[in-house]
2 protein chains.
Amino acid sequence: MEKYLNILKSVALFKGINQGDLQSLLACLSAKLVNYDKGQIIFMSGESIKSFGIVLAGQVQVVQEDYYGNKNIIANIGTGNLFGESFAFANIKTLPVSVFTTTASVLLFIDSHRIVAPCSKACAFHSRLIYNMLNIVALKYISLTQNIEIITKRSTREKLLAYLSAEAHKAQSTRFSIPFNRQELADYLAVDRSAMSAVLSQLRDEGVLKFNKNQFELC
Amino acid sequence: MEKYLNILKSVALFKGINQGDLQSLLACLSAKLVNYDKGQIIFMSGESIKSFGIVLAGQVQVVQEDYYGNKNIIANIGTGNLFGESFAFANIKTLPVSVFTTTASVLLFIDSHRIVAPCSKACAFHSRLIYNMLNIVALKYISLTQNIEIITKRSTREKLLAYLSAEAHKAQSTRFSIPFNRQELADYLAVDRSAMSAVLSQLRDEGVLKFNKNQFELC
DNA sequence: TCCACTTTGTTGTAAATCCAACAGACCTAT
DNA sequence: ATAGGTCTGTTGGATTTACAACAAAGTGGA
């Protein structure tokens, strides 16, 4: 656990908590560290979920999948970020999404009721943890509305431009890399991969953008 | 305020709070009751937001609108439900959506920092309020993922069937009414209204469903 | 290195969507 | 009752997308 302290102290859930208290707090929360290989399933849609995770290393994806394998990527979770917390705190019976690793990852799991239920040692932290969690879930909600803003564009071209502009804005540069390969990007934008590839090439030919693998540049 | 007590006691935010304490709690939170006509703007995208609302009567819509008037309906909020809370608790500078009434409405506004900040009278309630709020925002997040599940269907036909099935499920009946007119439904599904109308007629001709105005029946 | 596998781009065709324009039905207010 | 406005369904043509099939490039393991 010690080697991840630097990441842990930057996790939004622990904002406002003294760094020195972190170790004992984590012990008190019964936080569990687990290593995963690439492509492993963490949560499976349909199961019930009582804990959430924090990515200490690697990357995980939250995806929706319907009866006939139509996949949609809800979120891409990188180092220092949480996943599953909205589902855990909504007290729902069956998970509507699946979560899996896209790279080898180190994940920290915490039972959601440990956050809520006061305990002998960490009581002082609980109200702060719950407030932080509220903040995190609210931000995730907003992030989803921004997903929707992109997905609801009427054409593949507009979707691509909206997404790439948002990524450029995030990276604060016209050059940036995206966390998706082509198929994943198509799933994210809810379009056909080959059709999207054609539109990408068209945009390249028009001089609007350049790309190489997952490196993009808006011109 | 008294005439809305029946609704207030069913509001998820006040779950677990003694009905008799509700009046004083609301006073303590400086809750403000406001009447609105149909079609009035409550929150405008771009402004900063510090309070959230509760619908005591009527209905409001949360919409996204881009540069060229392409509208997308994020959520439809009916009696007893909250709006704006995710944006208020995310502490963001500018609101990415607008909120307006679709019918004459009675709304209750509460400052978000009043929920968080303890006060002399209602202290005992705050931790419960924050926990309830976390639960509400988490549920809204899930509701958005279900929106996305519908929106990301590849064809208008699939979107309609997914949406109408979900509504039928909610109503626990094959007959149900929807809170949208045709243009709003098209905005919600992110498709062209006239094209959607054509698909609806096609489904009717195939005997899959019947409809009259906003009354639908799945066959 | 070589082979199998994955990823990406390309192309052609069929199908679906957008868009604009319009007509009839339906309000609503005078 | 009527006139103006809104809502809904219909249609046709231009555009876009999905789908399938394939080739080229890249990747990883034996």
Side-chain angles (χ1 to χ4, degrees), chain A residues 37-39 61 66 68-73 100 102-104 150-164 177-206 208-217, chain B residues 37-39 61 66 68-73 100 102-104 150-164 177-206 208-217:
Chain A
D37 291 332
K38 174 178 177 174
Q61 265 180 18
D66 64 11
Y68 274 95
N70 232 340
K71 218 166 79 170
N72 186 257
I73 299 173
F100 65 91
T102 55
T103 67
I150 292 170
I151 293 173
T152 53
K153 300 285 181 202
R154 295 302 206 272
S155 67
T156 303
R157 184 191 183 91
E158 277 184 299
K159 289 182 184 184
L160 278 169
L161 290 176
Y163 171 71
L164 294 172
S177 64
I178 64 172
F180 299 130
N181 63 28
R182 292 291 181 278
Q183 182 61 60
E184 291 171 331
L185 180 57
D187 287 341
Y188 184 82
L189 300 179
V191 296
D192 179 71
R193 180 199 60 80
S194 66
M196 182 193 76
S197 242
V199 175
L200 272 176
S201 300
Q202 191 181 324
L203 286 167
R204 176 177 22 71
D205 295 344
E206 291 175 15
V208 179
L209 54 81
K210 295 176 187 161
F211 58 88
N212 184 274
K213 301 177 78 179
N214 67 341
Q215 285 280 340
F216 284 79
E217 179 175 2
Chain B
D37 292 332
K38 175 178 176 175
Q61 265 180 19
D66 65 11
Y68 274 94
N70 232 341
K71 218 166 80 171
N72 186 257
I73 299 173
F100 65 91
T102 55
T103 66
I150 293 170
I151 292 173
T152 53
K153 299 286 182 201
R154 295 302 205 273
S155 67
T156 302
R157 184 192 183 91
E158 278 183 300
K159 288 183 184 185
L160 278 169
L161 290 176
Y163 171 70
L164 294 173
S177 64
I178 65 172
F180 299 130
N181 62 28
R182 292 292 181 280
Q183 181 62 60
E184 290 170 333
L185 180 56
D187 287 339
Y188 184 83
L189 300 179
V191 295
D192 178 71
R193 180 199 60 78
S194 65
M196 182 193 76
S197 242
V199 176
L200 272 176
S201 301
Q202 192 181 323
L203 287 167
R204 176 177 23 69
D205 296 344
E206 291 174 15
V208 180
L209 54 80
K210 295 177 188 162
F211 58 89
N212 183 276
K213 301 177 80 179
N214 66 341
Q215 285 281 341
F216 285 77
E217 179 175 1

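Note that the structure is predicted; figures quoted are calculated from it, not measured. Naming convention: chains lettered A, B, ... in sequence-line order (proteins, then strands); numbering from 1 in each chain.
Looking at residues two or more places apart in sequence or on another chain, you find a ring pair (Phe, Tyr, Trp, His ring centres under 6.0 Å) between Y163(A) and Y188(A). With sequence neighbours left out, F216(A) forms a ring pair (Phe, Tyr, Trp, His ring centres under 6.0 Å) with F211(A). Annotation: side-chain hydrogen bond (donor to acceptor under 3.5 Å, both in side chains) contacts of T156(B) (sequence neighbours excluded): none. Scored by the side-chain hydrogen bond (donor to acceptor under 3.5 Å, both in side chains) test, D187(A) finds Q183(A) as partners (sequence neighbours excluded). Residues passing the side-chain hydrogen bond (donor to acceptor under 3.5 Å, both in side chains) test with N181(B): none are found, sequence neighbours excluded. Partners of E217(B) under the salt bridge (Lys or Arg N to Asp or Glu O under 4.0 Å) rule, at least two apart in sequence or in another chain, are R175(B). Under the salt bridge (Lys or Arg N to Asp or Glu O under 4.0 Å) criterion, R157(B) pairs with E206(B), not counting sequence neighbours. Checked against side-chain hydrogen bond (donor to acceptor under 3.5 Å, both in side chains), T103(A) has no partners two or more places apart in sequence or in another chain.
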Got a list of side-chain donor-acceptor pairs under 3.5 Å for residues 194-201 of chain B, not counting sequence neighbours?
residue, atom, partner, partner atom, Å
S194(B), OG, D192(B), OD2, 2.7
S201(B), OG, S197(B), O, 3.1
S201(B), OG, R204(B), NH2, 3.4

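Using a 4.0 Å cutoff to heavy atoms of chain B, the contacted part of DNA chain C runs 5' to 3' from dT17(C) to dC27(C).
Heavy atoms of S201(B) sit under 4.0 angstrom from primed sugar atoms or phosphate atoms, though from no base atom. Residue contacts shown for F180(B) are absent, as no nucleic acid heavy atom lies under 4.0 Å away.
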* Structure fact -> With B for base contact, S for sugar-phosphate-only contact and - for none (protein heavy atoms under 4.0 Å), nucleotides 12-30 of chain D reads -----SBBB------S---
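End-to-end axis angle of the helix from dT1(C)-dA30(D) to dT30(C)-dA1(D), using five pairs per end and rounding to 10°, comes to 50°.
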* Test side chain to side chain contact (heavy atoms under 4.5 Å, CB included) applied to L203(A) and L164(A), step by step -> CA-CA 12 Å; L203(A) 286 167; L164(A) 294 172; 5.7 Å; no
